[in-house]
Structures are given as structure tokens and as C-alpha cells.
Undergrad: 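Quick one: this structure, given as C-alpha cells, is what I'll be asking you about.
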Amino acid sequence: MAGDVKHDYHLVNPSPWPIVGSIAVFTMAFGFVGMMHDWGFANYIFGAGVLGVFYTMYEWWSDVVREAEGGDHKPVVQIGLRYGIILFITSEVMFFVAWFWAYFNAALFPTEAIGAVWPPEGIITFNPWHIPYVNTLILLLSGTTVTWAHHALLEDDRDGLKKGLWATVLLGALFTCFQTYEYSVAAFGLSSGIYGATFFMATGFHGFHVLVGTIFLTVCLIRSYRGHFKPDHHFGFEAAAWYWHFVDVVWVFLFFSIYVWGAGAITH
């Protein structure tokens, strides 16, 4: 009979979202270039592109969720999805390697232009045992709560799943609030030479990843209330949990290398 599926692979139906997403990204990039050149209405073009990107993300991922709940993600398909998220996280590791490389290159081999010392003269760094230490505890605790949620799901404990996800999402939001405050009281900025540039690029991109991870887990929380995820079929949650653990590990390395080791003697 035509249309019968005789294999376990998922052949994706034609989708408009790749082309729609490409147009949205191009519009966003075009508007951003225009903003840098002070073109009229460039900010509106950029805003339209951003809205298009978010709309594409919402619709495309909604399609993926419907496919998963509809039974299209057979075990062999889930293997491919796992390879995909592993490669994605690996690419994210390389992304942070670049920022850490820039930081250590400047810190281990300070040039004459910054006085051959690290941190450079005039830079008052953060006390690592104040807000950075609190944020470290927050992220480590969030790693335990997301693990709690995962084990609850494996035991088919829906209440434990929701409680663990609620705790993780709230801890992620709390981390973001503390980091926002930390940035607001910083004694240096992104334009404060090589120290400010490397510090804010590394910690700022990590903060962005925390925000993305928090949104990722919030979606999982909403899906859990809708009855999604089963003990033997919950790759969407697993992907979010893996991503969150990656964010935790990056922060621990960032805390000890940038906040503790690279802080110097003058802190506030």
C-alpha cells in the first residue's frame, strides 16, 4: 500500500523554515550593517530580522516536537539526534577555547603596551569570593536539580520532574540576575583594553549560554506539564540537560582561571 512505512528512519516532510530562516538571518545581518553605518530605518530592518529568526525557531522546533510526540523519532533516529547534540556541544567547546586562548595568551605573556603585568595597571578586578563564588554555587546546585529532574523522569515521577525543572530554571534566572548586577558595578568595561575585552567576551558569552539554557529548560518544563516525555523517550530533555551540564563545566573553569587565578591583588 502506498504510504506504508517499512523502515525506522524519519524522512522529514518538506518544510518552509530553512528558506524563511535564511531570509530572516539575512534581513537581520543587513539591518545590523545598516545600523553600524547609521542608515535610516536600519534598526527597524534589524528588528524585523530578529522577529523572523525567533518566529522560525519557534515554528521549526514546534515541528520537531510534533514529530517526536507523533512517533517519528524511532531509536535509530534518536541515535542521530544524539550525535547531533554531541557535535553541537563540541563546537561550543571550541568556541570557548578561542576566548580562553585569547585570555591566557594575554595573561601569561603580557606585552609592554600594558606594562608587562597582568592584570594591567589601573584594572580593579572582582573579588572572586563574592558574587562570582555565589554564582558558582548556584550553577553547581542547578546541575544537581536538573539531574534530580532527569532521574525522576526515568522513574516516571512526573511531580519530581516538574519540581526539579522549576528549581533549575529559577536557579538559572538567579545566576543571570547576579551577573547582570556584577556587570553594572564593574570598575572596568569592554573598552578597558585587553583585560576588559577578554573578560567580558568570555563571561558575557557564557552568560548568554546560561540564558539560552534557561529558555531550553523552560520549554522542557512547559512540555512536562503537557504530558510530554516518557522514561524511555525523552531526548529533548536529555539534550537540554547535557547543554546545561556543559554550561556548568565551562563556568567552573572560567571561575578558577579568570576570576581566581587571573584576578590579581587589587579587587573590589
Undergrad: What donor-acceptor contacts under 3.5 angstrom involve side-chain atoms of residues 90-98, with partners at least two apart or in another chain?
TA:
unit_1, atom_1, unit_2, atom_2, d
T90, OG1, I86, O, 2.8
S91, OG, F88, O, 2.5
E92, OE1, H209, NE2, 2.2

Undergrad: Closest heavy-atom contact between P128 and V260?
TA: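 Heavy atoms only, the tightest pair is CB-CG2, 3.8 Å.
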Undergrad: Please report the closest heavy-atom contact between A152 and L161, naming both atoms and the distance.
TA: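 Smallest heavy-atom distance, with atoms named: CB-N, 3.5 Å.
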Undergrad: Minimum heavy-atom separation for S257 to W261, with atom names?
TA: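 Between these two residues, the closest heavy atoms are O-CE3, 3.3 Å.
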Undergrad: Does the side chain of T168 come under 3.5 Å of the side chain of W244 through a donor N or O and an acceptor N or O?
TA: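 Checked: T168/W244 side chains show no N/O donor-acceptor pair below 3.5 Å.
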Undergrad: Considering only heavy atoms from C-beta outward, does the side chain of L140 approach that of V252 to under 4.5 Å?
TA: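 A side-chain contact exists here, since the closest heavy-atom pair is under 4.5 Å.
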Undergrad: If you count the non-hydrogen atoms of other residues, nucleotides and ligands that lie under 6.0 Å from CH2 in W39, is the total more than 12?
TA: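 Above 12, so yes.
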Undergrad: Check this for me: F104, atom CZ, are more than 12 non-hydrogen atoms of other residues, nucleotides or ligands nearer than 6.0 Å?
TA: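 Yes, the 6.0 Å shell around CZ holds more than 12 heavy atoms from other groups.
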Undergrad: Determine whether a donor-acceptor pair (N or O, by modelled atom type, separation under 3.5 Å) exists between the side chain of Q78 and the backbone of H73.
TA: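 Yes, because the side chain of Q78 sits within donor-acceptor range (under 3.5 Å) of the backbone of H73.
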Undergrad: Within this structure, what is the CG-NE2 distance for the pair L139 and H245, rounded to the nearest 0.5 Å?
TA: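 Answer rounded to 0.5 Å: 12.0 Å.
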Undergrad: Is Y225 atom OH crowded by more than 12 heavy atoms from other residues, nucleotides or ligands, each under 6.0 Å away?
TA: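 Correct, the count exceeds 12.
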Undergrad: Under 6.0 Å between ring centres: does that hold for F255 and W129?
TA: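 Close enough - the centres of the two rings lie under 6.0 Å apart.
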Undergrad: Keeping H37 on the side-chain end and G34 on the backbone end, is there a donor-acceptor pair under 3.5 Å?
TA: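 Side chain of H37 to backbone of G34, a donor-acceptor pair under 3.5 Å: no, none is there.
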Undergrad: When the ring planes of F41 and Y44 are compared, do they come out parallel, tilted or perpendicular, using 30° and 60° as the limits?
TA: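 Aromatic pair F41/Y44 classed tilted.
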Undergrad: I'd like to check the ring-ring contact (aromatic ring centres under 6.0 Å, His included) partners of F256; sequence neighbours left out, ordered by chain and number.
TA: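 Not a single residue meets the ring-ring contact (aromatic ring centres under 6.0 Å, His included) criterion with F256.
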Undergrad: Please determine whether residues I123 and L190 belong to a single hydrophobic cluster, defined as Ile, Leu, Val, Met, Phe, Trp and Tyr linked transitively by side-chain heavy-atom distances below 4.5 Å.
TA: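 Shared cluster, yes.
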Undergrad: Not counting sequence neighbours, list each pair that qualifies as a salt bridge (Lys or Arg N to Asp or Glu O under 4.0 Å) and has a residue in residues 137-160.
TA: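 For residues 137-160, and leaving out neighbouring residues, the salt bridge (Lys or Arg N to Asp or Glu O under 4.0 Å) pairs sorted by first residue read D159-K163.
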Undergrad: Quick one: CE on M28 to CG on L51, what's the gap to the nearest 0.5 Å?
TA: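 Between atom CE of M28 and atom CG of L51 there are 11.0 Å.
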Undergrad: I need the L221 CG to L217 CG distance, nearest 0.5 Å.
TA: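 Separation between the atoms: 9.0 Å.
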Undergrad: side-chain contact (heavy atoms from CB on, under 4.5 Å) for Y243 and I85? Distances and angles first, verdict last.
TA: CA-CA 8 Å; Y243 185 86; I85 193 65; 5.6 Å; no
Undergrad: What about W251 and Y259, are their ring centers closer than 6.0 Å?
TA: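 Close enough - the centres of the two rings lie under 6.0 Å apart.
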Undergrad: Are F208 and M57 connected in a single hydrophobic cluster, I mean Ile/Leu/Val/Met/Phe/Trp/Tyr linked by side-chain heavy atoms less than 4.5 Å apart?
TA: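 Different clusters.
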Undergrad: Quick one: CG on L108 to CH2 on W118, what's the gap to the nearest 0.5 Å?
TA: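 Those atoms lie 9.5 Å apart.
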Undergrad: Is the shortest heavy-atom distance from the side chain of L154 to the side chain of H234 under 4.5 Å?
TA: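 Yes, side chains in contact.
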Undergrad: Check the hydrophobic clustering (I, L, V, M, F, W, Y; side-chain heavy atoms under 4.5 Å; chains of links allowed) and say if W166 and F229 are grouped together.
TA: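 Linked, W166 and F229 end up in one cluster.
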Undergrad: Which heavy atom of P110 sits nearest to which heavy atom of A107, and what is that distance?
TA: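 For P110 versus A107, the nearest heavy atoms are CD-O, 3.4 Å.
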Undergrad: Can W60 be reached from F216 by stepping across I, L, V, M, F, W or Y side chains whose heavy atoms are under 4.5 Å apart?
TA: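 As far as the 4.5 Å side-chain criterion goes, W60 and F216 are not connected within one cluster.
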Undergrad: Just checking H150 against F237, ring centres under 6.0 Å apart?
TA: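 Yes: the rings meet the under 6.0 Å criterion.
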Undergrad: Would you say R226 has more than 12 foreign heavy atoms packed within less than 6.0 Å of its CZ?
TA: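 It does not: R226 CZ has 12 such atoms or fewer within range.
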Undergrad: Anything under 3.5 Å between a donor and an acceptor, one on a side chain of residues 194-205, the other on a protein residue two or more places apart or in another chain? List them.
TA:
unit_1, atom_1, unit_2, atom_2, d
T198, OG1, I194, O, 2.8
T198, OG1, Y195, O, 3.2
T203, OG1, Y183, OH, 2.6
T203, OG1, F199, O, 2.7

Undergrad: Would you tabulate the side-chain donor-acceptor contacts of residues 12-25 under 3.5 Å, counting partners in other chains and residues two or more places apart, or write 'none'?
TA:
unit_1, atom_1, unit_2, atom_2, d
S15, OG, W17, N, 3.2
W17, NE1, D63, OD2, 2.9
S22, OG, P18, O, 2.8

Undergrad: Locate the shortest heavy-atom distance separating V117 from E121; write the atom from each residue and the value.
TA: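 Looking at all heavy atoms of both residues, the closest pair is CG2-OE2, 4.0 Å.
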Undergrad: Would you say the ring centers of F188 and F126 fall short of 6.0 Å from each other?
TA: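 Ring centroids of F188 and F126 are less than 6.0 Å from each other.
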Undergrad: When clusters are formed by joining ILVMFWY residues with side-chain heavy atoms under 4.5 Å apart, either directly or through shared neighbours, do L211 and V146 land in the same one?
TA: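 In one cluster with L211: V146, no.
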Undergrad: Checking I138 now: which residues fulfil side chain to side chain contact (heavy atoms under 4.5 Å, CB included) with it, not counting sequence neighbours?
TA: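 I138 satisfies side chain to side chain contact (heavy atoms under 4.5 Å, CB included) with V134, N135, L171, L174, F175, F178 only.
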Undergrad: Does the cation-pi check pass for K74 over Y9, that is, NZ or CZ under 6.0 Å from the six-membered ring centre and within 45° of its axis?
TA: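 Negative - K74 is either too far from the ring of Y9 or too far off its axis.
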Undergrad: Quick one: pull up CD in E238 and SG in C220 and give me the separation to the nearest 0.5 Å.
TA: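 Result: 10.5 Å between the selected atoms.
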Undergrad: Is a side-chain donor or acceptor of H228 paired with a backbone partner of E69 at a separation under 3.5 angstrom?
TA: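 Checking the backbone N and O of E69 against the side chain of H228, no donor-acceptor pair under 3.5 Å is found.
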Undergrad: Could you grab the distance from atom OG1 of T111 to atom CG of N105, nearest 0.5 Å is fine?
TA: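 Atom-to-atom, T111:OG1 and N105:CG are 9.5 Å apart.
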